[in-house]
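Following: one structure in structure tokens, then a few remarks.
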Amino acid sequence: MRVFFVVTFCFLVTFCFGQNKLEFKINSINRIENKYKTEYIYEISYSVKNISSKEISFYLDKNKIESNATGSMSNAVIYRLYQDENTINAPVFNKPKELSPIEKEKYDAEMKKKIDSVMQLVNSYKTPAEYHLNYKRKLLQSQKTTLQPNEVITMKHNLTWNKLRTISYFDNEYYLDEKSKYYLDFSIYLLKKPFEKYLTKEEEKTIIQNPNFLEEHYISEKIEIYLN
């Protein structure tokens, strides 16, 4: 695959409450085109760093990225796309591709197996509510991240654009004009209070009452991204 451009840049995050414990920055963006010339893939590397003098922790889904139109109350990284100075409140990247009849049949069979497996697990609990509580606890435990002073973790996500310029989402419709300029920013919403009901009494002390277990909103500066 041909590499069209590599942009390397750094930016500091804006802190909602004036806290200065975490640095959130993008390290690089690399755009490539798939072999069928139907999609651009933006390979994005970013990192978080503990810039405080104490150990910090937070909940972050390091394997997921979502649109600002769909990512409310999510532990994932949230992307937001701008056309010139206007926000596009719709998912633009990572749109599901259309499946052929054979691919759809295979996909449906795999989904049925997954659903059957989940239902079997749900039935092993006394109630669905008990299953949900256990599932949420395990999910939060897997998303818990702890950083020592000056420790850095680097993550990678791909954003795929199918080159379609007309975007419709509920009542919103956008046209991605080639003459426009486009910008991207990222947000992470580090939450803990909304998850209190899933925690044990001991976890409430070490998480909810711990000022170094972060509950803050970090948003990057806007950076230019090329949709041409």
Side-chain angles (χ1 to χ4, degrees), residues 12-26 44-80 87 89-91 93-94 111 114-115 117-159 185-220:
L12 292 177
V13 69
T14 300
F15 297 90
C16 283
F17 304 107
Q19 303 284 342
N20 195 29
K21 295 179 180 179
L22 192 70
E23 179 187 76
F24 175 39
K25 68 179 183 180
I26 288 180
I44 303 175
S45 169
Y46 72 97
S47 60
V48 291
K49 178 181 180 180
N50 179 0
I51 57 174
S52 75
S53 60
K54 297 181 179 180
E55 177 185 281
I56 60 172
S57 299
F58 47 88
Y59 288 126
L60 179 64
D61 188 341
K62 296 183 283 292
N63 301 310
K64 193 173 184 180
I65 189 164
E66 297 184 8
S67 162
N68 64 302
T70 62
S72 177
M73 292 293 289
S74 172
N75 291 334
V77 176
I78 307 300
Y79 75 80
R80 179 168 48 184
T87 305
N89 293 309
F93 302 104
N94 297 354
M111 286 302 298
K114 289 181 180 179
I115 292 171
S117 177
V118 170
M119 290 308 300
Q120 186 176 2
L121 184 58
V122 171
N123 292 333
S124 69
Y125 287 84
K126 292 181 180 179
T127 65
E130 185 180 321
Y131 163 78
H132 178 72
L133 179 63
N134 184 68
Y135 171 81
K136 194 65 179 181
R137 280 178 175 166
K138 287 184 177 180
L139 183 63
L140 286 171
Q141 288 171 359
S142 71
Q143 294 174 354
K144 181 181 176 182
T145 302
T146 299
L147 298 179
Q148 300 302 320
N150 295 315
E151 185 177 357
V152 182
I153 55 171
T154 300
M155 293 150 282
K156 294 182 179 180
H157 283 302
N158 288 350
L159 293 179
D185 69 22
F186 291 129
S187 296
I188 49 176
Y189 294 82
L190 304 181
L191 304 174
K192 62 179 182 179
K193 193 67 175 177
F195 308 129
E196 187 173 7
K197 60 184 176 182
Y198 302 116
L199 305 177
T200 64
K201 293 297 182 182
E202 186 60 32
E203 287 173 330
E204 286 182 19
K205 295 178 183 178
T206 59
I207 294 176
I208 302 300
Q209 300 174 24
N210 181 1
N212 289 316
F213 200 107
L214 304 185
E215 187 167 43
E216 299 169 6
H217 175 206
Y218 296 81
I219 183 169
S220 75

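Atom set for the values below is all heavy atoms of this structure, side chains included, hydrogens, waters and symmetry mates excluded.
- Scanning both residues, Thr145 and Leu60, for their nearest heavy atoms gives OG1-O, 4.4 Å.
- In this structure Glu55 satisfies the salt bridge (charged side-chain N to carboxylate O under 4.0 Å, His left out) test with no other residue, sequence neighbours excluded.
- Between His157 and Tyr46, the ring-plane angle classifies as parallel under the 30° and 60° cut-offs.
- For residues 121-131, the set of pairs meeting the side-chain hydrogen bond (donor to acceptor under 3.5 Å, both in side chains) definition, not counting sequence neighbours, comprises Tyr125-Asn134.
- Residue pairs meeting the salt bridge (charged side-chain N to carboxylate O under 4.0 Å, His left out) criterion with at least one member in residues 196-211, sequence neighbours excluded: Lys193-Glu196.
- For Thr154, the side-chain contact (heavy atoms from CB on, under 4.5 Å) test picks out Asn27, Ser45, Ser47, Val152, with sequence neighbours left out.
- When every heavy atom of Ala69 is checked against every heavy atom of Pro91, the shortest pair comes out as CB-CD, 4.1 Å.
- What you find for Ile219 and Ser187 is that their closest heavy atoms are CG1-OG, 3.5 Å.
- Ile51 CD1 to Leu22 CG: the interatomic distance, rounded to the nearest 0.5 Å, is 7.0 Å.
- Taking CG from Asn210 and CD1 from Ile56, the interatomic distance works out to 11.0 Å, rounded to the nearest 0.5 Å.
- Remark: His217 NE2 to Leu191 CG distance equals 9.5 Å, nearest 0.5 Å.
- Between Val48 and Met155, the closest side-chain pair of non-hydrogen atoms falls below 4.5 Å.
- Enclosure of atom CD in Gln148 by more than 12 non-hydrogen atoms of other residues, nucleotides or ligands within 6.0 angstrom is indicated.
- Contact of the Lys62 side chain with the Ile153 side chain is registered, since non-hydrogen atoms from C-beta on lie closer than 4.5 Å.
- A distance-only check finds a donor-acceptor pair linking the side chain of Lys192 to the backbone of Ile208 [under 3.5 Å].
- Contact check for Gln141 versus Tyr198: no side-chain heavy atoms found under the 4.5 Å cut-off.
- Partners of Met119 according to the side-chain contact (heavy atoms from CB on, under 4.5 Å) rule, which considers only residues two or more places apart in sequence or in another chain, are Ile115.
- Side-chain contact between Asn75 and Phe195: present, with at least one pair of heavy atoms (C-beta onward) separated by less than 4.5 Å.
- In this structure, Asp61 has no salt bridge (charged side-chain N to carboxylate O under 4.0 Å, His left out) partners at least two apart in sequence or on a different chain.
- Under the 3.5 Å distance criterion, the side-chain polar atoms of Thr87 are left unmatched by any main-chain donor or acceptor of Asn89.
- The shortest heavy-atom contact between Ile44 and Asn158 is N-OD1, 4.5 Å.
- For the pairing with Ser57, the side-chain contact (heavy atoms from CB on, under 4.5 Å) check across Asn50, Ile207, Thr146 returns one residue only, Thr146.
- Minimum heavy-atom separation, Phe58 to Phe213: CA-CE2, 3.7 Å.
- Proximity of Ser220 to Arg80: side-chain heavy atoms (C-beta onward) are nowhere separated by under 4.5 Å.
- Interatomic distance, CG of Leu147 versus NZ of Lys21, reported as 13.0 Å (0.5 Å rounding).
- In this structure, Leu159 and Tyr79 approach most closely via the heavy-atom pair CD2-CD2, 4.0 Å.
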